[in-house]
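In each ligand, atom 1 is the first atom listed, and ligand 1 is the first ligand listed. The residues of the chain are indexed from 1 along the displayed sequence.
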Amino acid sequence: MLIPCLACESRFGPDEYFSACSDYNRGMDLVSWTCPRCGNRDDLRVLPGELGFGYPYRGRFDVHARVRVPGLRRQRGDLRLDISLDRASWRVSTRLRQPA
Ligand SMILES: [Zn+2]
């Protein structure tokens with residue numbers, strides 16, 4: 001199972017792909033992803049069995065493209081998202097913003 005970068009079309013194994021996720025946004029239910037190959041940054045939603053890509057629109061996130069990842073699971077925590085696939089798992093933490 002390889003997951004593509006939608007910008008440069010490089011393909012990554014799950015470990016390389018999900019290790020490049022950062023900063024879980026619980027309000028919007030998104031993680032940031034930075035392509036290890038081309039540096040493109042995307043926001044994506046981890047869903048059961050698939051990844052959702054799209055755009056913020058009027059305070060919510062509209063999914064426009066889906067990439068199927070069979071067996072993908074997710075568990076939302078207070079300040080993190082746990083992603084698991086087969087026997088592997090990854091934790092994406094929420095970056096705490098300093099109060100201004
Ligand atoms: Zn890329």
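- Residues forming a side chain to side chain donor-acceptor pair (under 3.5 Å) with Arg45 (at least two apart in sequence, or on another chain): none.
- A donor-acceptor pair shorter than 3.5 Å cannot be found between the side chains of Ser22 and Arg95.
- The salt bridge (Lys or Arg N to Asp or Glu O under 4.0 Å) analysis of residues 49-58, with sequence neighbours excluded, yields the pairs Glu50-Arg66.
- Checked against the 6.0 Å centroid criterion, the rings of His64 and Tyr55 qualify as a close aromatic pair.
- In this pair, Trp33 and Tyr17 present their aromatic rings parallel. The plane angle is below 30°, not in the 30 to 60° band.
- Within the protein, the N, O or S atoms sitting under 2.8 Å from the Zn ion (ligand 1) are Cys5 SG, Cys8 SG, Cys35 SG, Cys38 SG.
- Cluster partners of Leu47: none. The rule joins Ile, Leu, Val, Met, Phe, Trp and Tyr whenever side-chain heavy atoms lie under 4.5 Å apart, and it links nothing here.
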